[in-house]
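Heads up, the thing below is written out as structure tokens.
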Number of protein chains: 2
Amino acid sequence: MRSYEQVCFVARALDVLGERWTLLIVRELTLGPRRYSDLLTSLPGMGTSLLATRLKHLEKHDVLRRTTTPGPGRVAAYELTERGEQLLPVLAGLAQWGAGLDDPPPGYTNHAAWPMVAMRLTAPEQAADFNTLTELTIGDETLWLHGDGKQVRTGTGPAPLPPGLRLTSDTNTFHALAKGRLTVADAVASQRLDVAGELHTARLFFQLFRLPDGQPPKA
Amino acid sequence: MRSYEQVCFVARALDVLGERWTLLIVRELTLGPRRYSDLLTSLPGMGTSLLATRLKHLEKHDVLRRTTTPGPGRVAAYELTERGEQLLPVLAGLAQWGAGLDDPPPGYTNHAAWPMVAMRLTAPEQAADFNTLTELTIGDETLWLHGDGKQVRTGTGPAPLPPGLRLTSDTNTFHALAKGRLTVADAVASQRLDVAGELHTARLFFQLFRLPDGQPPKA
DNA sequence: CGGCATCCGTGACGATACTG
DNA sequence: CAGTATCGTCACGGATGCCG
């Protein structure tokens with residue numbers, strides 16, 4: 001862990017966060033606690049040894065903490081500390097900037113949670129008012145989301161309460177919906193999206209959390 | 001330049017910006033165009049070969065451009081593109097977060113421009129209304145700064161017009177002033193700060209651009 | 001399953017010497 | 001001053017194995 005050894009806030013932040021994979025680990029935890037093996041599969045290409053090193057490093061610098069889930073399994077998990085949550089603006093800035101890049105080359109891996117992370121990071125203030133508890137099943141992953149008026153809260157796994165809206169689709173369809181390249185009506189009609197709940201709430205969801213898109217939404 | 005190969009805005013941004021030194025180069029350019037040798041001395045520890053590689057990389061990705069200064073010397077210089085300027089929120093987020101860290105260990109190098117970069121990045125909105133053209137001579141570096149009502153503009157070297165305020169001090173004194181650990185009155189009295197212009201404007205300057213500080217301002 | 005150590009090949013990095 | 005060439009070193013990625 002080489003330091004820049006500069007008396008500069010930016011350099012000091014990068015001393016902690018600047019190494020490979022580090023900010024992507026934080027990204028993974030923004031949606032809620034994750035287990036070790038979850039992180040490994042969410043970060044393809046990363047060696048297990050390196051992940052362990054990074055986790056200890058981030059724990060030491062108060063970005064995340066190791067906890068055991070309260071459930072019956074009593075499994076180990078990692079979650080952001082308050083200081084870690086304060087990195088959301090940094091991730092949001094990166095996401096906003098990254099949205100301006102060209103479409104990625106084909107072959108890049110895509111995970112269900114990633115568009116959701118970006119949607120939440122780049123969502124406008126008013127998204128906090130989206131107070132319908134929503135459960136999303138994208139491909140094989142399930143997440144939930146809920147605006148409490150102050151901020152948007154999220155978690156992995158099934159919603160903690162019966163959700164008011166349930167959306168089910170595959171990763172590509174969700175991505176197209178998020179970018180506005182596909183409408184809810186079209187997606188439902190072609191059976192690529194299942195909506196359990198009010199259709200107009202689903203429309204509102206994709207309207208509020210729309211991802212920036214270089215391409216036009218379809219002439 | 002290894003890519004994460006993920007369809008994720010954050011990961012794609014880090015594909016361009018995530019490698020060592022990259023964001024620090026952007027930091028150096030936020031105050032205005034810089035020459036190759038300036039960058040080298042501003043980034044102690046970085047090899048000249050690597051700097052050349054990074055500059056080409058960032059030029060290719062439209063973060064900065066290589067220009068020749070309009071002056072008589074016709075020297076090569078690097079400056080941010082519009083897309084590069086859009087990285088200011090990212091740097092601001094990092095600076096804000098880095099400000100929450102403990103004081104750096106002694107021995108870290110400190111440059112005149114660094115506190116100024118952070119001051120501008122973390123300044124409140126109203127700092128844009130600081131419309132006094134101010135020239136700062138900190139140690140051996142000279143910079144200027146001016147709020148045009150919309151944003152704070154900065155540049156390296158002497159001010160392009162006769163400034164309304166001129167501040168002269170050494171790096172440590174400036175740092176202490178910026179953090180509010182030293183008052184303008186005390187600094188002037190102890191001859192560590194020279195103010196050419198109105199004293200209350202100087203006070204306003206350090207009030208607007210105050211750096212966050214973990215330690216109390218002095219009991 | 002979670003977590004960590006070890007080995008090894010590759011590539012990124014740091015320092016210095018060299019050139020237009 | 002603005003870079004390029006070279007080389008030693010270290011971080012990383014991949015695989016494997018050990019231990020709770």
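Each chain gets a letter, A, B and so on, in the order its sequence line appears, and its residues count up from 1.
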Nearest whole angstrom, please: distance from the [atom2] of [N] to the [atom1] of [X].
X: A:Leu50; N: D:dG13; atom1: CG; atom2: C1'; value: 8 Å
X: B:Leu40; N: C:dT16; atom1: CG; atom2: C1'; value: 13 Å
X: B:Met46; N: D:dT4; atom1: CE; atom2: C1'; value: 15 Å
X: A:Leu39; N: C:dC4; atom1: CG; atom2: P; value: 13 Å
X: A:Leu51; N: C:dC1; atom1: CG; atom2: P; value: 15 Å
X: B:Ile25; N: D:dG3; atom1: CD1; atom2: C1'; value: 14 Å

Decide if atom CZ of A:Arg83 counts as having more than 12 heavy atoms of other residues, nucleotides or ligands within a radius under 6.0 Å.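 More than 12 heavy atoms, drawn from other residues, nucleotides or ligands, come within 6.0 Å of this atom.
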From the list D:dC1, C:dG2, D:dG13, which nucleotide is the closest neighbour of the side chain of A:Arg66? C:dG2
What is the nucleic acid contact for B:Thr48, judged by heavy atoms within less than 4.0 Å: base, sugar-phosphate only, or nothing? base
B:Ser49 near the nucleic acid: base, sugar-phosphate alone, or nothing, with a heavy-atom cut-off under 4.0 Å?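 Base contact.
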Taking the side chain as every heavy atom from C-beta outward, state whether [X] and [Y] have any atom pair closer than 4.5 Å.
X: A:Val195; Y: A:Leu193; result: yes
X: B:Val63; Y: B:Thr22; result: no
X: A:Phe174; Y: A:Leu136; result: yes

Ignoring backbone atoms, test whether [X] places a side-chain nitrogen or oxygen under 4.0 Å from the OP1 or OP2 oxygen of [N].
X: B:Trp21; N: C:dG14; result: yes
X: A:Arg35; N: C:dG3; result: no
X: A:Ser37; N: C:dG2; result: yes
X: B:Arg20; N: C:dG14; result: yes
X: B:Lys56; N: D:dT4; result: yes

Please confirm whether the backbone N or O of A:Pro115 pairs with a side-chain atom of A:His175, one donor and one acceptor, at under 3.5 Å? no
For DNA chain C, which ranges pair as stems of 3 or more consecutive Watson-Crick or G-U pairs, with both donor-acceptor distances under 3.5 Å?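 Consecutive-pair runs (3 or more) involving DNA chain C: C:2-20 with D:1-19.
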Find which nucleotide of DNA chain C each of A:Tyr78 and A:Arg2 is nearest to by heavy atoms, and output the residue with the more 5' nucleotide.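 Nearest nucleotide further toward 5': that of A:Tyr78.
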Whichever of A:Thr53 and B:Arg54 has its nearest DNA chain C nucleotide further upstream toward 5':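 The residue mapped nearer the 5' terminus is A:Thr53.
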Salt bridge or not between A:Asp15 and B:Arg20? Use side-chain N to carboxylate O under 4.0 Å.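 Answer for the salt bridge query: no.
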Would you please test A:Thr48 and A:Tyr36 for side chain to side chain donor-acceptor pair (under 3.5 Å) and show each step? CA-CA 9 Å; A:Thr48 168; A:Tyr36 189 85; 2.9 Å; yes
